[in-house]
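Numbered from 1 within each chain, the chains take letters A, B, ... in sequence-line order.
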Amino acid sequence: MSKEKIVLLDGNSLAYRAFFALPLLTNDTGIHTNAIYGFTMMLQNILKEEKPTHILVAWDAGKTTFRHSTFSEYKGGRQKTPPELSEQFPYLRKLLDAFQIPQYELDQYEADDIIGTLSKTGDAEGMEVIVISGDKDLTQLASDNTTVCITRKGITDLEKYTPAHVMDKYGLSPLQIIDMKGLMGDPSDNIPGVPGVGEKTAIKLLKEYGSVEKVYESLDKVSGKKLKENLTENEEKAFMSKRLATIEVNAPITISIKNLDYPGPDEENVKALYEELQFKTLLEKMAPQTESEPIKEINVHIVTDPDTIELADEMALHVEMIDENYLASEISGIGMTDGETIIFIPFEVVIKSDKLKKWFQDEQKRKFATDSKASYASLLRHGIEVNGFEFDLLLATYIANPSSSYTDVASVAKEFNYFDIQSDEVVYGKGAKKALPGEETLADHAGRKAQAVWKLKPILEDKLRDNEQFELYRELEMPLAKILGKVETTGVKTDLGILRQIGIDLSARLLELESIIYEMAGQKFNINSPKQLGEILFEKIGLTPIKKTKTGYSTAADVLEKLESEHEIIGFILTYRQLGKLNSTYIEGLTKEIHEDGKIHTRFQQALTQTGRLSSINPNLQNIPIRLEEGRKIRAAFVPSEPGWLMFAADYSQIELRVLAHMSQDEKMIAAFQEGEDIHTKTAMDVFGVDKDGVSSDMRRTAKAVNFGIVYGISDYGLSQSLNITRKEAGKFIDTYLETFPGVKQYMEDIVADAKMKGYVVTMMNRRRYLPDITSSNFNLRSFAERTAMNTPIQGTAADIIKKAMIDMDARLKEEGLQTRMLLQVHDELIFEAPEDEIEKLKEIVPEVMEFALTLDVPLKVEWAYGLSWYETK
DNA sequence: GTCCTCACG
DNA sequence: ACGTACGTGAGGACT
């Protein structure tokens with residue numbers, strides 16, 4: 001029999017943690033549910049990860065504990081538990097009952113003490129003990145059999161403290177954690193400690209002397225006058241603090257560990273509770289497609305002869321496909337409705353009907369789609385053109401809130417309390433079991449989607465109008481969808497021969513590097529495995545680890561670069577990594593994506609990023625190498641699809657900083673762009689107070705990094721990392737920068753304040769991003785939201801601008817009667833292919849259209865280049 | 001499936 | 001004191 005394993009959870013601590021990590025959620029009856037939800041997520045994760053045989057949740061009992069008799073102010077000055085959290089505790093108890101997890105509390109004792117006592121008992125009985133809490137104090141319980149897991153950030157991320165990990169982190173044994181607390185105190189529990197002693201000093205003292213007692217025995221040996229004085233004067237406090245921080249391991253508990261076995265959840269009760277709390281996603285996970293909600297019967301007419309049906313001037317439609325990749329998938333058919341009757345037209349019927357094709361093409365016949373780009377591109381592949389899209393459910397949902405995740409029509413419909421529809425997973429199955437169902441089922445499914453679109457259209461349009469986002473949605477995103485559909489269908493011609501040749505060269509060099517690395521390491525190993533590589537570098541060779549990850553040593557490039565001078569193997573590993581990446585991701589990866597027409601057809605996700613940018617998948621053509629020459633050569637494989645044509649690329653220069661200049665209205669920054677100066681040099685001049693000739697390359701590099709940092713929502717730490725300087729130095733640069741550009745400083749402060757008040761930020765075209773964490777009491781979450789508040793309007797406005805430019809460009813090409821085709825968008829650049837004799841025209845119109853897409857208080861600047869391949873456009 | 005690493009803007 | 005730069009997608013290792 002395998003070893004018994006008991007998990008001990010600190011109920012109060014985890015509930016607090018969950019409460020503050022998540023935004024306030026409520027169900028229909030107005031009860032707050034965020035802590036319950038977070039707690040449930042944690043619990044499920046723990047049950048899945050640890051698979052315990054025994055389990056207990058310990059709660060703090062009442063107001064006073066035995067610690068208060070030692071120190072009446074223990075835990076004094078604590079904020080009252082927010083009522084939004086208090087009301088959730090009864091539900092947590094119910095939840096645990098439903099899971100059949102024992103709970104326990106003991107008068108005069110805290111949860112810590114119950115856990116401490118049981119962990120000791122469990123340990124003694126040879127059980128594996130896992131303690132879970134949000135309170136680092138509990139790390140004192142770590143032992144060979146007891147692992148203490150402390151929540152890190154978010155709600156499911158746990159840091160595991162074994163004695164070895166405690167030693168690693170603090171250089172102390174678990175029991176010495178108590179001494180550390182005794183010396184440094186703990187403001188959150190109102191434990192005083194010794195004034196002037198923080199974590200650093202406490203650890204130093206304990207490393208030298210071992211314990212609080214030993215420190216005081218050797219008081220005269222302690223260095224530092226002030227420190228000695230503080231210790232002497234506060235001896236009593238130190239010892240009392242140590243007592244307060246000590247977890248009781250002999251609490252008079254009245255339960256036996258043997259009775260804490262875990263039988264697993266009572267599914268019925270859990271389900272009922274989830275329903276009461278309206279935990280939709282958790283409910284879905286529970287009952288995977290076995291039973292779905294009772295769905296109203298609908299009547300879908302399967303069309304065999306299109307001539308017998310009447311098509312209205314306004315219809316909702318959905319092109320039904322099994323595969324999400326609409327550029328490759330077979331089409332089953334089209335579900336349609338005019339609000340009264342619902343029909344399904346099998347695709348073989350569609351393709352033969354001129355009547356249908358004519359209706360689709362007719363701009364005057366208004367179409368409401370689930371995903372207009374997918375409908376447009378999938379039908380265009382078969383020579384059917386669709387015009388007159390009037391509504392797009394995917395885009396409407398995304399514009400209303402970019403964080404809404406759109407997996408299928410059912411998932412979105414549910415958000416708007418529309419349930420008369422099934423999820424794709426239910427209809428098709430998932431994983432290996434995914435298969436095409438019969439026509440009746442498909443017709444019903446597609447018909448319901450069309451019906452959902454019909455019903456949801458007014459709701460979403462109202463919402464967009466209320467938010468003043470209708471124009472963004474209707475005049476920017478919808479027209480763009482069609483253009484993107486065309487771009488995706490066009491695809492980029494890819495020269496397989498060039499890819500192969502680069503691949504052959506790379507493989508040969510990788511083989512060479514591999515044998516050199518093995519020789520230097522003295523053994524063979526998998527260089528691609530961070531784990532194995534870490535062992536070789538930091539254990540076998542004995543290099544000093546600089547950074548660690550959750551699971552071991554970090555071997556990331558920035559870490560290895562710092563070690564480059566320590567051992568010659570590092571350089572070879574870095575090269576191996578770099579070339580390996582090129583070979584696997586780009587040579588092998590792209591080769592697999594070339595279609596029969598010799599082209600790569602990426603798909604642009606238009607409803608995914610939180611900022612309004614596009615993303616590119618299957619494959620990603622927005623991250624083709626350019627920074628290093630080795631990788632840049634891959635771009636030579638992207639060529640025009642017609643003989644005699646050329647590639648033409650145009651990119652915005654410094655678009656994000658220009659947007660910042662405009663939005664912040666900072667006079668100096670606006671002037672810099674109006675004068676047409678190199679912005680980084682100009683920044684360096686202003687920040688360092690030198691003239692143009694006084695700007696060294698190092699000063700420009702620093703200014704550039706600070707400019708980047710500003711756009712990202714700066715932090716001294718982030719800047720210090722990117723410049724490899726200390727935090728203090730980085731902080732100084734930032735201060736000087738913000739003094740130099742007071743408008744920028746004001747903007748950053750205003751945008752954060754505004755986000756706190758409204759709960760969201762907007763771009764120039766009114767794109768929104770909600771930032772619930774901006775009022776979080778959790779420092780990390782809040783800081784992240786603040787940086788996002790600073791960055792999103794900038795990145796998002798830049799995205800708005802290039803989207804507008806794409807629409808204008810498409811119109812302009814038509815207007816000028818050019819054959820030039822748009823091929824790609826890479827955030828701030830557009831790539832075209834064009835007949836040679838149109839190049840002169842493009843040189844003129846592309847910059848013009850892009851630069852005037854939107855008028856700012858600073859000029860936009862576009863640079864262009866053309867050549868025989870994408871590589872040549874530099 | 002998740003983590004780490006690394007490619008791009 | 002906290003542990004971070006903003007936004008993405010993909011491949012390989014490992015569980």
Side-chain angles (χ1 to χ4, degrees), chain A residues 48-49 136 152-153 156-157 184 186-188 198-200 402 431 526-534 547 549-560 574 577-578 580-590 592-593 602-605 608-628 630-632 634-635 651-652 654-656 705-706 708-723 727 730 734 769 777-796 798-799 802 824-829:
Chain A
K48 199 178 110 202
E49 294 278 313
K136 284 202 175 112
R152 212 182 322 230
K153 61 174 181 184
T156 48
D157 191 6
M184 64 184 273
D186 183 350
S188 73
E199 187 175 310
K200 291 261 160 63
N526 187 343
I527 307 168
N528 283 322
S529 160
K531 190 163 166 254
Q532 294 183 33
L533 180 61
K547 213 166 74 179
T549 67
K550 267 181 262 176
T551 46
Y553 309 108
S554 170
T555 65
D558 63 322
V559 172
L560 295 189
L574 285 166
R577 278 253 184 91
Q578 187 203 328
K581 172 86 177 173
L582 292 178
N583 203 33
S584 63
T585 306
Y586 296 102
I587 301 302
E588 289 168 9
L590 290 176
K592 276 184 243 162
E593 300 284 352
T602 185
R603 275 176 302 141
F604 289 102
Q605 306 229 83
L608 184 141
T609 71
Q610 299 302 299
T611 55
R613 277 188 176 181
L614 301 176
S615 91
S616 157
I617 54 165
N618 292 135
N620 182 355
L621 290 187
Q622 288 181 323
N623 72 346
I624 303 302
I626 187 167
R627 292 175 190 164
L628 300 170
E630 298 269 22
R632 189 176 202 154
I634 305 226
R635 295 183 169 222
D651 70 293
Y652 283 109
Q654 307 296 349
I655 189 166
E656 293 190 341
V706 180
F708 268 100
I710 290 289
V711 168
Y712 291 156
I714 200 146
S715 70
D716 52 4
Y717 183 87
L719 184 66
S720 74
Q721 288 299 300
S722 95
L723 282 175
R727 247 171 102 153
I734 295 167
R769 179 175 187 177
S777 59
N778 177 317
F779 176 87
N780 280 328
L781 292 176
R782 189 177 64 250
S783 304
F784 186 59
E786 286 170 356
R787 292 197 296 274
T788 315
M790 299 186 237
N791 170 265
T792 297
I794 301 171
Q795 192 182 117
I802 195 165
L824 292 172
Q825 186 251 48
V826 192
H827 311 307
D828 66 354
E829 66 175 323

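A:Q532 contributes no side-chain N or O that, together with a main-chain N or O of A:I527, makes up a donor-acceptor pair within less than 3.5 Å.
Across all non-hydrogen atoms, the minimal contact from A:T555 to A:R577 is OG1-NH2, 2.7 Å. Across all their heavy atoms, A:V826 and A:L621 have their closest contact at CG2-O, 4.3 Å. Of all heavy-atom pairs spanning A:E199 and A:M184, the tightest one is CA-SD, 3.7 Å. The minimum heavy-atom distance between A:S615 and A:T609, with the atom names listed, is CB-CG2, 4.3 Å. When all heavy atoms of A:T792 and A:Q610 are compared, the closest pair comes out as CG2-O, 4.3 Å.
Between A:K136 and A:N791, the one whose closest nucleotide on DNA chain C sits nearer the 5' end is A:K136. Comparing A:E199 and A:G713 against DNA chain C, the residue whose closest nucleotide sits nearer the 5' end is A:E199.
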| Going 5' to 3' along nucleotides 9-15 of chain C, which nucleotides have protein heavy atoms under 4.0 Å from the base (write B), which only from the sugar-phosphate (write S), and which from neither (write -)? | BSSSSS-

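You'll find that the side chain of A:R787 is closest to C:dT4, out of C:dG7, C:dT4, B:dG9. Which of B:dA7, C:dT8, B:dT5 sits closest to the side chain of A:T549 comes down to B:dT5. Residue A:T555 places its side chain closer to B:dT5 than to any other of C:dC2, C:dG7, B:dT5. Closest to the A:N780 side chain, of the nucleotides B:dT5, C:dG3, C:dG7, is C:dG3. For A:R727, taking side-chain heavy atoms from C-beta onward, the closest of the listed nucleotides C:dA5, C:dT8, C:dG3 is C:dG3.
Distance CG (A:D558) to C1' (B:dC4): 12 Å, rounded to an integer number of Å. We find that CG of A:L574 is positioned 12 Å from C1' of B:dT5, with the value rounded to whole Å. Whole-Å rounding puts the A:M790 CE to C:dC6 P distance at 10 Å. The nearest whole Å value for the distance from the CG atom in A:L781 to the C1' atom in C:dC2 is 11 Å. Rounded to whole Å, atom P of C:dA5 lies 18 Å from atom CD1 of A:I794. When rounded to the nearest whole Å, the span between CD of A:Q825 and P of C:dT8 equals 14 Å. We find that CG of A:D828 is positioned 6 Å from C1' of B:dG9, with the value rounded to whole Å. Atom CD1 of A:I626 is separated from atom C1' of B:dG9 by 10 Å (rounded to the nearest Å).
For B:dC6, neither phosphate oxygen OP1 nor OP2 lies less than 4.0 angstrom from any side-chain nitrogen or oxygen of A:R627. Remark: A:R577 is not in phosphate contact with B:dT5, judged by side-chain N or O atoms under 4.0 Å from OP1 or OP2. For the OP1/OP2 pair of B:dC8 and a distance below 4.0 Å, the side-chain nitrogens and oxygens of A:R613 include no atom meeting the criterion.
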| task | Begin with the C-alpha distance, continue with both residues' side-chain angles, and end with the deciding distance and a verdict on side chain to side chain contact (heavy atoms under 4.5 Å, CB included) for A:T602 and A:L824. | result | CA-CA 9 Å; A:T602 185; A:L824 292 172; 4.1 Å; yes

| request: Test A:S722 against A:L719 for side chain to side chain contact (heavy atoms under 4.5 Å, CB included), laying out the working first. | output: CA-CA 5 Å; A:S722 95; A:L719 184 66; 4.2 Å; yes

| field | Working for side chain to side chain contact (heavy atoms under 4.5 Å, CB included), residues A:L590 and A:I624 | value | CA-CA 10 Å; A:L590 290 176; A:I624 303 302; 4.1 Å; yes

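Among the protein residues, A:T611 comes within range of the sugar-phosphate backbone only, with heavy atoms under 4.0 Å from sugar or phosphate atoms but none that close to a base. Residue-level contact check: A:A799 touches neither bases nor backbone, having no heavy atom under 4.0 Å from any strand. Nucleic acid contact for A:F784: sugar-phosphate only, since backbone atoms but no base atoms lie under 4.0 Å from a heavy atom of the residue. At the heavy-atom level, A:I624 lies under 4.0 Å from the strands shown only through sugar-phosphate atoms. Among the protein residues, A:S783 comes within range of no part of the nucleic acid, since none of its heavy atoms lies under 4.0 Å from any strand. Within the 4.0 angstrom heavy-atom criterion, base atoms lie near A:A705. Using a 4.0 Å heavy-atom cutoff across all strands shown, A:T792 reaches no nucleic acid atom at all. Using a 4.0 Å heavy-atom cutoff across all strands shown, A:Q721 reaches no nucleic acid atom at all. Residue A:V711 is out of contact with every strand shown, counting any heavy-atom pair closer than 4.0 Å.
Put simply, the side chain of A:T611 does not reach to within 4.5 Å of the side chain of A:T788, judged on heavy atoms.
Residues forming a salt bridge (Lys or Arg N to Asp or Glu O under 4.0 Å) with A:D716 (at least two apart in sequence, or on another chain): A:R727.
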| request: State the dot-bracket string of DNA chain B. Criteria: Watson-Crick or G-U wobble, both atom distances under 3.5 angstrom; notation: ( ) intrastrand, [ ] crossing earlier pairs, | interstrand, . unpaired. | output: |||||||||

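Atom C1' of B:dT5 sits at a distance of 26 Å from the matching atom of C:dC2, rounded to the whole Å. Nucleotides B:dC6 and C:dA5, compared at atom P, are 14 Å apart to the nearest Å.
Atom CD of residue A:E593 and atom CG of residue A:N620 lie 10.5 Å apart, to the nearest 0.5 angstrom.
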